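In what follows, a single structure is set out as C-alpha cells and then discussed.
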Amino acid sequence: MSKIILTGDRPTGKLHIGHYVGSLRRRVELQNSGEYDKIFIMIADAQALTDNADNPDKIRENIIEVALDYLSCGLDPAKSNLFIQSMVPELTELCFYYMNLVTEARLKRNPTVKTEIQMRGFGESIPVGFLTYPISQAADITAFKATTVPVGEDQLPMIEQCREIVRKFNFTYGDTLVEPEALIPQNQVCCRLPGTDGKAKMSKSLGNCIYLSDSEEVVRNKVMSMFTDPNHLKITDPGSLEGNAVFTYLDAFCKDEHFERYCPDYANLDEMKAHYQRGGLGDVKVKKFLNAIMQEELAPIRARRAQLEQQIPEIYEILKKGCEVARAEAAKTLDEVKAAMRINYFDDEELIRAQAEKFAKKDN
Ligand code: ATP
Ligand code: MG
C-alpha cells in the first residue's frame, strides 16, 4: 500500500514554535526521508472559518503567511503538495456524506472540541460548522487516502474520530476508505508545547506564542519575559522545573552541543537542571541560554522567509498548482465513495436498464 501523508494548519495566524516542534519540523524530515509516495499539506481555511465566520479577511490574509512559514521551514513544493482546503470542493461533499455516520453525542464527547468550545466561550451557541469540524477533517484525510497524519497531541481525538468514520463507512458500504495513523512527536514535550505564559498550550487563540517569523529582538524579549517558577525569587533559592516553561522549551530544543557553544559551565541539560533545583542558578542565565538556542534555530528560517517575501505571486502560483493536483486526487476518492454508496446514478447503466424494464412492465 502507498504511504501517504496529509496534514495541515488553520490560517488563523502565522505559525509558531508549537507548530514547529509539534508537526512542522517532522513533516520536513518525513518529506526529505523519501519514504512517502505522496505528501499533501493543507491550509485549512474552511475549517478556520468555522470559528471565524465573521472575519473572513483574517483567514484570507493569513493564507500567504502560513505558506511563507511552510516554505521557509523547508517544505518543498517539488516533494510536498501545498494546497488550500476551500479550493477542493470535493472535500465538502465527502464531509456531507460522512455526517450521516456520526452522532451529535459523539461529536460533543470529543475532548479537543470540548476544550476548544470552552476556550472560545461559545456556551450553548456552538456554530454547527465548528461542532462538525472533526467530520470535515475526516473528509480531508480520507480524500487523499492518507495513511499517516503528523500532528500535535491535541489532534489525537480527531484522528480517532476519523478512524471510526472510516470503519463505519467501509462496514456499511464496502471497503473504500483507508484508516489513517496519527504520528505524534517522539519527544513528549513537543506533543503540546506550552505558551510563553506557562499555559498548557501555545496557541494563536491564546496570544502566548513565539512566531517563526518574529524578529531577533521580539524573540529575545519574549524569551526574557517568559514564565518560570514564581517562587524562585532569589538566585540562591531552589527552583522548580514543574510547569517551568523555559525548561520545557529547553527540553524541546536543546542539544548537548549547545552547551559547548553557549553555556560551557554545564555538559548537558541534566546538569543545568540539577543546579537550578539546588539553587544558585538564576532565571536570566537560563533564559539567555534558551534565547541563543532559539536564535540559532530560527535565524535560517527567518532568512529564507525574507527571500520568499519577495516572491509572493510565485507562491500563489505554487498554491494554485497544488490545489489542482489535490482536486484531481480528491475527485477520484469522491467517485469511489459515491459508487460505494450507490449514488452514482448516471454512471450506472445497470440501474437505468433495470428501471426502464420495471416501468415497461408496469405499462403492460
Ligand atoms: P488555533 O488557535 O487557530 O486553533 P493553533 O495554534 O491551535 O491555532 P492549529 O492550526 O489548530 O494551531 O494546529 C496546527 C497543528 O499544529 C496541529 O497538528 C496541532 O496539533 C499542532 N500544534 C498546535 N499548537 C501546538 C502546540 N502548542 N504544541 C504542539 N503542537 C501544536
Ligand atoms: Mg488549534
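Small disclaimer: the values here were computed from a predicted structure and weren't measured. When a ligand or atom number is given, it counts from 1 through the structure's own listing order.
Residue Gly8 places no N or O, backbone or side chain, under 3.5 Å from any N or O of ligand 1. Between Val21 and ligand 1, a contact under 3.5 Å exists for no N or O pair. The shortest N or O to N or O distance between Gln155 and ligand 1 is not below 3.5 Å. In terms of polar-atom proximity, Gly152 is counted as a contact of ligand 1, with an N or O under 3.5 Å from an N or O of the ligand. Checked against a 3.5 angstrom limit, the closest N/O atoms of Leu193 and ligand 1 fall inside it. Residue Glu116 has no N or O atom closer than 3.5 Å to an N or O atom of ligand 1. At least one N or O atom of His19, backbone or side chain, sits closer than 3.5 Å to an N or O atom of ligand 1. For ligand 1, one of its N or O atoms has an N or O atom of Thr12 under 3.5 Å away. Among the atoms of Ser203, some N or O lies under 3.5 angstrom from an N or O of ligand 1.
Within the 3.5 Å criterion, the main-chain N or O of Asn244 finds a donor-acceptor partner in the side chain of Thr248. At distances below 3.5 Å, not a single donor-acceptor pair connects side-chain atoms of Ser86 with backbone N or O atoms of Asp45. A donor-acceptor pair under 3.5 Å is absent between the side-chain atoms of Glu164 and the main chain of Val102, judged by distance alone. Of the possible polar contacts, none joining the Ser80 side chain to the Pro77 backbone as a donor-acceptor pair under 3.5 Å is found.
Close approach of ligand 1 to His16 is summarised as follows: ligand atoms under 4.0 Å from at least one heavy atom of the residue are 6 (O), 24 (N). Residue Arg120 has at least one heavy-atom neighbour below 4.0 Å for each of these atoms of ligand 1: 4 (O). Listed by number with element, the atoms of ligand 1 under 4.0 Å from a non-hydrogen atom of Gly22 are 29 (C), 30 (N). The ligand atoms of ligand 1 that sit less than 4.0 angstrom from a heavy atom of Val151 are 18 (O).
Contacts with ligand 1 closer than 4.0 Å are made by backbone heavy atoms (N, CA, C, O) of Cys190 only, the side chain lying farther away.
Gln137 and Gln161 form no side-chain donor-acceptor contact under 3.5 Å, judged by distance and modelled atom types alone.
Within the structure, salt bridge (charged side-chain N to carboxylate O under 4.0 Å, His left out) pairs that include any residue of residues 267-294 comprise Asp251-Lys273, Asp265-Lys285 (at least two apart or interchain).
Under 4.0 Å is where a charged nitrogen must lie from a carboxylate oxygen, and between Arg25 and Glu29 no such pair does. Under the 4.0 Å criterion applied to side-chain N and carboxylate O atoms, Arg10 and Asp51 are assigned as salt-bridge partners. One finds a salt bridge joining Arg305 and Glu309 here, because a Lys/Arg side-chain nitrogen approaches an Asp/Glu carboxylate oxygen to under 4.0 Å.
Within the structure, ligand 1 lacks Met158 among the residues with a heavy atom less than 4.0 angstrom away. Using a 4.0 angstrom heavy-atom cutoff, Cys191 counts as in contact with ligand 1. Gly13 does not count as a contact of ligand 1, since none of its heavy atoms falls under 4.0 Å from the ligand.
Separation of the His258 and Phe289 ring centroids does not fall under the 6.0 Å cut-off. Ring-centre distance between Phe83 and Phe144: below the 6.0 Å cut-off.
Cluster membership for Val28 and Val21, using ILVMFWY side-chain heavy atoms within less than 4.5 angstrom, is shared.
Residue Asp9 holds the heavy atom nearest to atom 15 (C) of ligand 1 of all those in Val149, Asp9, Asn208. Of the listed options Lys201, Lys204, Arg26, Arg10, Lys201 places a heavy atom closest to atom 7 (O) of ligand 1.
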